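Scroll down for the structure; my scribbles are underneath it.
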Amino acid sequence: GASLARTENLLVLFSRRIRRKRRMRLWSLSLCEQLRLLQGGEITAVEVVQSHLDRVEEVNGSLNAVVTVIDREEALAEARKIDASPRDARGPLAGCAMTIKDSLNTKGVRTTAGSLGLKDWVPDWDATVVRRLKEAGAILIGKTNTPELTLAFETDNKVFGRTNNPYDLARTPGGSSGGAAAVVAVGGAAFDIGTDYGGSIRVPSSWCGVAGLKPTHGRVSRHGHVLDFRAGLTESFQTVGPLARTVDDLRLLLPLIAGPDGVDPYVHPVPLPPPEKTSSETTSHLRVGLVVEDDVLGVKGKKNVTTFSDDCVRVLQSAADAIRLKVETVDIVEPSFFAHLGRTQDIWRGLALADDGAFYQKKLRDIGTTDPHLEWIFPDAAARKETSAAEVNDLLVELADYRRKMIQVFEHYDVLLCPVFTDGAAVLHGFPGADLDKLTFTYCFNLSGHPAVVVRGGSSSCGKNLPIGVQVVAPHWREDIALNVAKLIELHCPDAGWRLPSATTPAPSPTSSNTTPA
C-alpha cells in the first residue's frame, strides 16, 4: 500500500512538472498552434494565460513593450470561465492571450495613447476590434506602448518612455505599433492589434521579425482608436490590423475583426473570399511584380529618390526566388509604373499638415495634454505657410490621380513584392525625419488604400541577425492574395518566418526625439 501511494505521489509530481514545463513554453507557440491544443483539450486557458504573463514579467524590463499589465488574478478568472465552459460553445479564440496597442480603447483598462493628458484615463467601453476579439474568446493581458497619438516611427513618449527592439536593445522596434511588435516577437502575447497611418504596423513587423497585416482601407472599423474615422483630410490613410508570429495567425484574425460596425461610416460590407480560396495552391496563376530597382522612385536627381541597400535587395530577391516555381511569373517592375511615387511624401505631409498641424494640436488640447512629446505637428515659423482651399483641392485631385495610377499597376501584376524600409533592418534609436523617403513603400499604400502583409524574408548582413521584412501588396479587398503569397515566402524562403530574439541586456538611457509621422 505504501509503495503504491509513493508511486501515485511520484506520478502526480511528475505530471505537475510536465505541465509546468509545458506552460513555460506555451508562449513560443503560434496562435493557431495554441488554439489547436486548447480546442483539443490538451492545454487549458489558465496555462496559456499564466505562460504569457510569466513571459511578459521575464522580458518586459528590458523591452518596455507592455505598459499596462492586467491583474494576474483578473486575467486568470477569465481563463477559468473559459475552461469551465463547454468546448462546443466557445468562441474561435477562446483561451488565447492578447495584448492591445495603447491607442485603442479597452473597457476598464487604462488607455493613454502615449499622451500625458490621458495617463490616468480608463475608458468605459471597448474599441470595436477589442470588443469583437473578446466576444471571440480572447483574453486581454496587457496594453502595448505607442508614440504619442501614434504619430511617430520611434515608439517613445513622456508617459512610459521608450520601447526597445528585442533583437538589439540599442535599436528601435519602429512605430507606432512598436510595443505590439516587440511583445509578439518575444512571445509575450499570441497577437496584438496595431494601427497603420504611414507604416505603423508594417515597419515594426519588419524590424521585429513578426507578421503584420495592413488591411484594405474600409475593411476594419477604427471606432475607439485615438485617431478614428474623424480625421478629415487624412481619414483614408488610417487602418487597424493584426500583428502575430505567423501568416496563418493573421489569416485567422482578419475575419474576426473585419466588417461594418454601424459606427465607422467608411467601413464597407465587402465579403472576404471564402476559405477555399485562401490556400497556397491558388497562387499558380499569379503574376508577381518584384520591386528592386533603385530608379523605381523616380528619375535620378529628382526629390524623394532613394536607393535600396544591398541587404534590402538581397532579401527581396531571395523571397522572389523562393516562390518563383509556385506562381506564374516573377518580373522586375518597370520603374515607369511607379513614376508617381516621387510625390508620396509631398502628398501625405501636404494633407496631414494642410492646417499647420492644427488638427493634431486640437486633439492634444482636447485630451488635456499641455506638454506634448510630438514635434513634427508644430511647424516652426519658417516652415509655416497659408494653405489655401485651392491648394488643398489640388492635393486631393493629385491624390485621386495617385490612386488611379496605383490601381493601374495591378493591371500588370496580381501582387507586388516591395521593401518596407529601403535600408533594410532596424536603425538605432532616434529615427531621423530625413530618412522618411526610405519608407516611401509604406506611405504609398496608405495613400492608395491597398492591403499589405509583411513577413520576415531574411536577416541583415551586419552579424546581428536583425530581421528584414518583405512587403506583399495585393489589389483592393484581396487580402487573401497577399496572405497566400506571404505564406509561400514564410514556407519556402530559407531565412524567413519568426525566430525567437535573444537580446536581454539593457539599452542606453532613453533620450530620443519623436519627429517622424507614422
Side-chain angles (χ1 to χ4, degrees), residues 24-34 51-52 55-56 58-60 62-63 65 97 99 144 163-174 177-192 194 201-213 242-251 309 311-312 314-319 321-323 417 419-421 423-427 453-472 483 485-505 507:
M24 287 172 63
R25 297 294 293 183
L26 284 178
W27 54 261
S28 68
L29 301 178
S30 71
L31 171 63
C32 289
E33 290 170 331
Q34 290 180 29
S51 179
H52 285 91
R55 182 62 173 164
V56 169
E58 178 186 1
V59 300
N60 199 50
S62 59
L63 293 180
T99 50
T144 49
T163 298
N164 299 315
N165 189 300
Y167 281 86
D168 181 351
L169 301 180
R171 295 176 187 265
T172 175
S177 306
V183 76
V184 168
V186 298
F191 71 92
D192 199 299
I201 289 172
R202 291 161 292 158
V203 174
S205 294
S206 176
W207 289 354
C208 293
V210 299
L213 167 64
L243 299 91
R245 284 191 287 283
T246 73
V247 174
D248 283 343
D249 294 347
L250 301 179
R251 194 195 306 272
S309 71
D311 275 355
C312 178
R314 174 178 51 79
V315 168
L316 284 166
Q317 192 66 62
S318 175
D321 291 343
I323 69 170
L417 300 187
V420 176
F421 179 58
D423 255 6
V427 298
V453 175
V454 168
V455 63
R456 180 175 182 162
S459 305
S460 66
S461 58
C462 67
K464 291 182 177 289
N465 199 37
L466 302 174
I468 298 175
V470 172
Q471 184 175 201
V472 184
L483 288 164
V485 174
K487 180 65 176 178
L488 288 181
I489 295 170
E490 188 179 66
L491 284 173
H492 300 291
C493 196
D495 195 23
W498 174 75
R499 316 288 174 85
L500 181 63
S502 58
T504 56
T505 54

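Just so it is clear, the model here is predicted, and its values are computed rather than measured. All values below were derived from every heavy atom in this structure, side-chain atoms included, with hydrogens, water molecules and symmetry-related copies excluded.
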No-hydrogen, no-angle side-chain donor-acceptor test under 3.5 Å, N165 and T172: no

Spatial distance of atom CZ (R456) from atom SG (C493) [nearest 0.5 Å]: 10.5 Å

V485 side chain reached by L417 side chain, heavy atoms, under 4.5 Å: yes

pair L31-T246: side-chain heavy atoms closer than 4.5 Å: no

Non-neighbouring partners of A65 that pass side-chain contact (heavy atoms from CB on, under 4.5 Å), sequence neighbours left out: N60, L63, T163, A182, V183

Evaluation steps, side-chain contact (heavy atoms from CB on, under 4.5 Å), between D248 and K487: CA-CA 7 Å; D248 283 343; K487 180 65 176 178; 3.0 Å; yes

Atom of D311, atom of S460 and distance for their closest heavy-atom approach: OD2-CA, 3.5 Å

Minimum side-chain heavy-atom gap L26-Q34 below 4.5 Å: no

Heavy-atom pair of closest approach, residues W27 and R245: O-NH2, 2.7 Å

Test item: P242 and D192 side chains (from C-beta on) under 4.5 Å apart, heavy atoms: no

Polar contact flag, side-chain donor to acceptor under 3.5 angstrom, D423-S309: no

Close side-chain approach of F191 and T99, heavy atoms under 4.5 Å: no

Approximate separation, where rounding is to 0.5 Å, of L483 CG and E490 CD: 10.5 Å

Which atom of R171 lies closest to which atom of A426, heavy atoms considered: NH1-O, 2.7 Å

Backbone N/O of V203 and side chain of S206: donor-acceptor pair under 3.5 Å: no

Point-to-point distance, once rounded to the nearest 0.5 Å, from CG of D249 to OG of S30: 4.5 Å

Donor-acceptor pair, side chain of S177 and main chain of G194, under 3.5 angstrom: no

N465-S459 side chain donor-acceptor pair, cut-off 3.5 Å: yes

Distance (rounded to the nearest 0.5 Å) between L213 CG and R202 CZ: 10.0 Å

Gap between atom CD1 of I489 and atom CG of D321 - 0.5 Å precision: 11.0 Å

For the student: nearest non-hydrogen atoms of A425 and L466, plus distance: CB-CB, 3.7 Å

Residue pairs involving residues 492-502 (criterion salt bridge (Lys or Arg N to Asp or Glu O under 4.0 Å); sequence neighbours excluded): D495-R499

Reported CG-to-OG distance for the pair L250 and S205, which is rounded to 0.5 angstrom: 8.0 Å

ring-ring contact (aromatic ring centres under 6.0 Å, His included) between W207 and Y167, intermediate numbers included: CA-CA 9 Å; W207 289 354; Y167 281 86; over 10 Å; no

Considering all heavy atoms, the nearest S62-V59 contact: OG-O, 3.2 Å

Distance-minimising heavy-atom pair for A185 and C208: CB-O, 3.4 Å

